[in-house]
There are 2 protein chains.
Amino acid sequence: MSWVPSSLKKLIEQFKKLPGIGDRSAFRIAYYLLKDRDTLKGLLTTLKEVDERIKLCRVCHGFSEDSEICSICADERRNSGILCVVERPEDIYILESVQDLGWKYHVTGGVLSPVKGITADKLNIFDIRERIKSEGFRELVIAFSPDVESDATTSYIVNLLNDMDITISKIAIGLPRGIDITLMDPFTLKESIIGRRKLK
Amino acid sequence: MSWVPSSLKKLIEQFKKLPGIGDRSAFRIAYYLLKDRDTLKGLLTTLKEVDERIKLCRVCHGFSEDSEICSICADERRNSGILCVVERPEDIYILESVQDLGWKYHVTGGVLSPVKGITADKLNIFDIRERIKSEGFRELVIAFSPDVESDATTSYIVNLLNDMDITISKIAIGLPRGIDITLMDPFTLKESIIGRRKLK
């Protein structure tokens, strides 16, 4: 349809690139923004601000604002001695929203995947050793979403730190609260049985 | 969570203002954009372009790019003599996507709603008369989404043009293709019976 403004078509295409936004949502959002110019301008300003202010933290590889080192890494009160390894920056947000853990974090930026060509040198893994030494962590908690690739990555990290005096754990796999046991996959069920907790 | 970058928080809030985007989607999209800076920059550029280039057409009140008059209003080949009245600019897109109608359009910008304080003077209704005269339309097709308020608006328009020599129609209300008749609301069913088409 040649009469549709080209910049509007482009905007719909841009929104379709975002996760969870399909044809219809992109269409609705684009037209909405054209009518609500204040929201459009607000989004514009904030995107610009985010692009300019947010960088990767030099220490943990999570997000940092206006600074080389993020506020978690710079926080002297976080002295639990626990370093939590996660795949993505947003995983920090999810973990912290559970409760005030007082942990520090390390973002690998992915998990090993020979199929996708992701080898250890493409991830932020090797600097974990250095952090354990310089920051004196006593425990490493690995908090990946459970799948085969992250299991391999966990093994790799455990091997890498083999000679170091540090406890390594990974978060438990089991049944999520509220799910019917008959709906659970056998793998999770098996892990849940292996990881059973003594009550008495 | 004070450690979350303030610009990131703002971005999540901005996305939550958009139609169909809830807490979780806004979170996912914001983190996605922080990692995919090319997409972020692309969105930024396009939003800016849209804001600068798209305005309301002086004639039909739909969207126009770089010009006071949109390409549909400026299109000399659209000489079907039919003016289609719609509520929102995006309705033009939806109607045109059905087939090449060759119609011209007029966007009211809403429907009458005493409850919301939307009176006739807040809508683009009065200039329809002028357009009929100057552009010589023979038929007016009213294409509102069917509800009580748009019925009232339709009546208002019909009254307003009472003394003019023009055919006025509205698009049919009936069963949408593929729906089970038992699932249809009585209002639609009744309209569908009233508007039945002779087959033989």
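Every heavy atom of this structure was used, including side-chain atoms; hydrogens, water molecules and symmetry mates were not.
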Next item on the list: State, with a plain yes or no, whether a side-chain heavy atom of B:F15 is found less than 4.5 Å away from one of A:L18.
Entry: yes

Notebook entry, point to check: Can you name the one residue among B:L33, B:L40, B:L44 that meets side-chain contact (heavy atoms from CB on, under 4.5 Å) with A:V50?
Noted result: B:L40

Check: Do A:I194 and A:L189 share a hydrophobic cluster (ILVMFWY, side-chain heavy atoms under 4.5 Å, transitive)?
Finding: no

Notebook entry, point to check: Does some side-chain heavy atom of B:R37 sit less than 4.5 Å from a side-chain heavy atom of A:I54?
Noted result: yes

Next item on the list: Could you pull out the closest heavy-atom pair between B:P89 and A:Y31, with the gap in Å?
Entry: C-CE2, 4.1 Å

Next item on the list: State, with a plain yes or no, whether a side-chain heavy atom of A:I21 is found less than 4.5 Å away from one of B:I29.
Entry: yes

Item checked: Choice from B:L34, B:L8, B:T45 maximising heavy atom contacts with chain A below 4.5 Å -> B:L34

Checklist line | B:F27 side chain reached by A:I94 side chain, heavy atoms, under 4.5 Å | finding: yes

Item checked: Hydrophobic cluster membership, B:F126 vs B:L161, 4.5 Å side-chain cutoff -> yes

Item checked: Interface residue of largest heavy-atom contact number with chain A, from B:A30, B:S71, B:A74, B:G20, under 4.5 Å -> B:S71

Note to self: With a 4.5 Å cut-off on side-chain heavy atoms, are B:S7 and A:E52 touching?
What the structure shows: no

Note to self: Do A:I128 and A:I82 land in one hydrophobic cluster if side-chain heavy atoms of ILVMFWY residues count as linked below 4.5 Å?
What the structure shows: no

Checklist line | Which portion of A:L56 sits near chain B, non-hydrogen atoms under 4.5 angstrom | finding: neither

Margin query: Around atom CG of B:D163, are there more than 12 heavy atoms from other residues, nucleotides or ligands closer than 6.0 Å?
Written below: yes

Item checked: Side chain to side chain, A:E65 and B:S6, heavy atoms closer than 4.5 Å -> yes

Check: Any side-chain heavy atom of B:L43 sitting closer than 4.5 Å to one from A:L11?
Finding: yes

Next item on the list: Would you mind checking which part of B:T39 comes under 4.5 Å of any heavy atom in chain A, side chain (CB onward), backbone (N, CA, C, O), both or neither?
Entry: both

Notebook entry, point to check: If you round to the nearest 0.5 Å, how far is OH of A:Y93 from CD1 of B:I12?
Noted result: 6.0 Å

Checklist line | Within 6.0 Å of CD1 in B:I181, more than 12 heavy atoms from elsewhere | finding: no

Next item on the list: Might you confirm whether atom CG of A:D180 has over 12 heavy atoms from other residues, nucleotides or ligands at distances under 6.0 Å?
Entry: yes

Next item on the list: May I ask whether B:V111 and B:I92 are part of the same hydrophobic cluster, defined by side-chain heavy atoms of I, L, V, M, F, W, Y residues being less than 4.5 angstrom apart, directly or through others?
Entry: no

Next item on the list: Flag the one option from B:R88, B:K35, B:R53 with the top tally of heavy-atom pairs under 4.5 Å to chain A.
Entry: B:K35

Notebook entry, point to check: Is the closest basic N to carboxylate O distance between B:R28 and A:E90 below 4.0 Å?
Noted result: no

Check: So, do A:D51 and B:K41 sit near enough that their side-chain heavy atoms are less than 4.5 Å apart?
Finding: yes

Notebook entry, point to check: Looking at B:R24, B:K17, B:K55, which one has more heavy-atom pairs under 4.5 Å with chain A than the rest?
Noted result: B:K17

Notebook entry, point to check: To the nearest 0.5 Å, how far apart are OG1 in B:T46 and NZ in A:K10?
Noted result: 6.0 Å

Item checked: Connected via hydrophobic side-chain network under 4.5 Å: B:I166 and B:Y156 -> yes

